[in-house]
Each structure stands twice: as structure tokens, then as C-alpha cells.
Novice: 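A single structure is presented below for examination.
For this chain, numbers begin at 1 and follow the sequence in order. Reckoned from all heavy atoms, side chains included, excluding hydrogens, waters and symmetry mates.
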Amino acid sequence: NAPLVPLPFSLDTTVMSLSALKSDDDDVVEDDINETTSKMEEIHEQPREQEPRGRFDLPANELVEKFNATIPFEQRVCPFDIKDSQTHAAMLARQGIISEADAQAICRGLDQVAEEIRSGKFVFTVKDEDIHMAIEKRMTEIVGPAGGRLHTGRSRNDQTTTSTKMYLRHVIREVQAAIRGLQAECVAVARANADVIMPGFTHMQTGQPILFAHWMMAFFWMLERDFTRFGDLYKRMGRCPLAVSYTHLRAHETLSDLV
């Protein structure tokens, strides 16, 4: 082993030298620090409008809550988040992690939440931060302590990513259906104008004569490429992201036949 190289100075001497550099300005700074600390202690003793979150002691500013909230545009994910949670509860019960009674209570509570959302009775608030927290909180209010066990073996990132992928798969099928409808219109217009001749264009100049039907069918095949791209995306969105965290690998092994 290489010998330790001695420091070119003494730590004790350095500390003493720094202490000797203290000036009257340092006393002023120290007084300012003490005054600021005193004011912060007074703020901490004031009553709070809401419970502190995480590592912060003071309530969040209303503007910050609205800026961070995703509920206004996330409500469309509700049915998929509920289905995701019901599947997760069934897995937990099957593995003996929670009781069958708790799983059934959770699923019934989520069904009630879904009905409240459909009927417009569900109260959305930005204080819940996201739709996943809002649904889980309301479900727990309905079923009691059993609702708190739904979060077992699943991180919030697992949950949000899964429900978002489920939503995207649903929307992709809707988009593909719309593409097929537009392609059908292209074919119909082409057939109705099969004898119409038009000039072809290349580099903004007229080229050889073509059929209008051929021009319309070019759009058909453009849309077909879009359709197949969405098909590829649909497959990728089908890869289950649950249990990507190393702490949830056991749960991941049990989900393939449920999700």
C-alpha cells in the first residue's frame, strides 16, 4: 500500500487562523441569522390552513397546487385507473398478501367510485394532485381501512404508467377506426371519379397526365402507413410496466395472466 502523503498544513492551525479572521461584519451577519431564525420559529407556531406534505412544513401555495395538478385533463383516465386497481387488488388476494374480503371490498368501492364519476357526483379537487390519488382516497372513504391496502406492492409510478398505457391502447383503436373511415372515403371518391384526368405535378410544374383516382388513392396509402404505425404503438403500449421497481418483482411474476 502506498504511504499516506502528509498534509502541507496543520488542520488545528488552519482553524485557528480562520477564527482570527473574524471581524465586526461577522457579528452583524450572525445577528441577522439569529433574527431570521426567530422569525421562522414564529411562522412555525402559527396555525396552518392544511396539513404539511412531505418534507415541507408550510402549506402549499394555491397557485403552486393549481400548476402541479393534473386532474383537470386526467379525468379521461378514470375508468382505466379503476380497472388497473381492481386487477391489482385481485392479484394481492390471490397471492395471500391481502385477504379475499379486503380485495372484494376494494373492488366494490372502486365500482361505486366509477358510478359516481359517470353520474357526475364525484367531486374533483386540485388538492388531490392527480386522479389516482383522488380515486384511491374516495374508495378508502367508502370501504374503510381495507382501502389503504390497495397500494401494497405497487408504486405510484407503476400505477400511473399502467393506467396511461391502458388509456392509450383504447385511444389508438379509436384513431385506427377513424383512419379506416377516412380511407373508405378516399376509395369512394376515387371510384366516383375513375375517368377524371388531371395533370400531375413535380417541383411545382406540370408533369404527365394522371387519373384523379390515382391521386386520391395516394392519400389512402399515406393513411395506411399511419394505421400501421399506430398498430406498432398499440403493441408497445401492451407491455406491462407493473413492478418495474426491484422491490416489486414478486408481484410482477403474478400479473401476466391478470392484466
Side-chain angles (χ1 to χ4, degrees), residues 50-56 60 63-95 97-98 102-103 105-118 122-143 146-175 230 232-259:
Q50 64 184 57
E51 291 296 321
R53 301 181 187 180
R55 67 193 67 179
F56 299 104
L63 178 61
V64 174
E65 285 188 336
K66 291 181 178 179
F67 180 79
N68 286 332
T70 57
I71 280 185
F73 57 85
E74 209 174 31
Q75 296 176 23
R76 53 192 170 181
V77 184
C78 288
F80 306 97
D81 180 79
I82 289 173
K83 185 62 177 177
D84 173 21
S85 292
Q86 288 177 327
T87 303
H88 184 71
M91 181 278 297
L92 292 175
R94 193 181 72 175
Q95 291 300 107
I97 300 172
I98 65 174
D102 282 349
I106 290 171
C107 290
R108 286 196 302 269
L110 290 170
D111 283 336
Q112 182 173 332
V113 173
E115 179 57 34
E116 291 178 0
I117 293 174
R118 285 192 295 267
F122 191 90
V123 179
F124 294 98
T125 171
V126 296
K127 293 187 180 298
D128 290 329
E129 294 185 5
D130 59 39
I131 196 63
H132 315 282
M133 183 178 296
I135 290 175
E136 189 172 325
K137 186 182 76 172
R138 176 59 183 143
M139 180 272 296
T140 303
E141 291 174 353
I142 295 171
V143 307
R149 302 184 182 101
L150 174 62
H151 203 56
T152 305
R154 180 179 63 170
S155 73
R156 184 67 69 190
N157 287 338
D158 286 341
Q159 181 181 1
T160 58
T161 305
T162 302
S163 58
T164 300
K165 282 193 168 189
M166 293 170 66
Y167 166 74
L168 287 174
R169 281 169 66 87
H170 173 77
V171 172
I172 286 170
R173 286 304 191 222
E174 291 183 338
V175 172
F230 276 110
D232 293 337
L233 181 59
Y234 183 86
K235 294 177 182 178
R236 288 196 292 274
M237 291 300 101
R239 298 180 70 88
C240 180
L242 284 174
V244 294
S245 170
Y246 71 92
T247 59
H248 304 138
L249 290 179
R250 173 179 166 83
H252 178 64
E253 295 171 356
T254 67
L255 286 169
S256 58
D257 61 336
L258 287 175
V259 180

Novice: For Ala93 and Ala103, work out which heavy atoms get closest and say how close.
Specialist: CB-CB, 3.5 Å

Novice: So how far is it from Leu150 CG to Gln86 CD, rounded to the nearest 0.5 Å?
Specialist: 9.5 Å

Novice: Mind checking the OG1-CD spacing from Thr164 to Glu74? Nearest 0.5 Å is all I need.
Specialist: 6.5 Å

Novice: Got a second to check how far Glu136's CD is from Glu141's CD, nearest 0.5 Å?
Specialist: 11.5 Å

Novice: Does the plane of the ring in Phe80 sit parallel, tilted or perpendicular to the ring in His170? Use 30° and 60° as the thresholds.
Specialist: tilted

Novice: Would you call Ile172 and Met237 a side-chain contact if the rule is heavy atoms closer than 4.5 Å?
Specialist: yes

Novice: For Ile131 and Phe124, run side chain to side chain contact (heavy atoms under 4.5 Å, CB included): C-alpha distance rounded to whole Å, both residues' side-chain angles, the deciding distance at 0.1 Å, then the answer.
Specialist: CA-CA 8 Å; Ile131 196 63; Phe124 294 98; 3.1 Å; yes

Novice: Is a side-chain donor or acceptor of Ser163 paired with a backbone partner of Thr160 at a separation under 3.5 angstrom?
Specialist: yes

Novice: Quick check for you: to the nearest 0.5 Å, what is the distance between Gln112 atom CD and Ile82 atom CD1?
Specialist: 11.0 Å

Novice: Less than 4.5 Å apart, any side-chain heavy atom of Arg236 and any of Lys165?
Specialist: no

Novice: What's the shortest heavy-atom distance between Pro241 and Asp158, and which atoms?
Specialist: O-OD1, 3.7 Å

Novice: Measuring from atom CG of Leu233 to atom CG of Leu168, what distance do you get when rounded to the nearest 0.5 angstrom?
Specialist: 7.0 Å

Novice: Working to the nearest 0.5 angstrom, can you tell me the gap between Ile135 CD1 and Asp81 CG?
Specialist: 4.0 Å

Novice: Among Leu110, Ile117, Val113, find the residue that satisfies the side-chain contact (heavy atoms from CB on, under 4.5 Å) test when tested with Arg138.
Specialist: Val113

Novice: Examine the side chains of Asp84 and Gln159 and answer whether a donor and an acceptor come within less than 3.5 Å of each other.
Specialist: no

Novice: Can you establish whether the number of heavy atoms outside Tyr234 located under 6.0 Å from its atom OH is more than 12?
Specialist: yes

Novice: What's the shortest heavy-atom distance between Ile106 and Gly147, and which atoms?
Specialist: CG1-CA, 4.2 Å

Novice: Run the side chain to side chain contact (heavy atoms under 4.5 Å, CB included) check on Arg154 and Met91 step by step: do they pass?
Specialist: CA-CA 11 Å; Arg154 180 179 63 170; Met91 181 278 297; over 6 Å; no

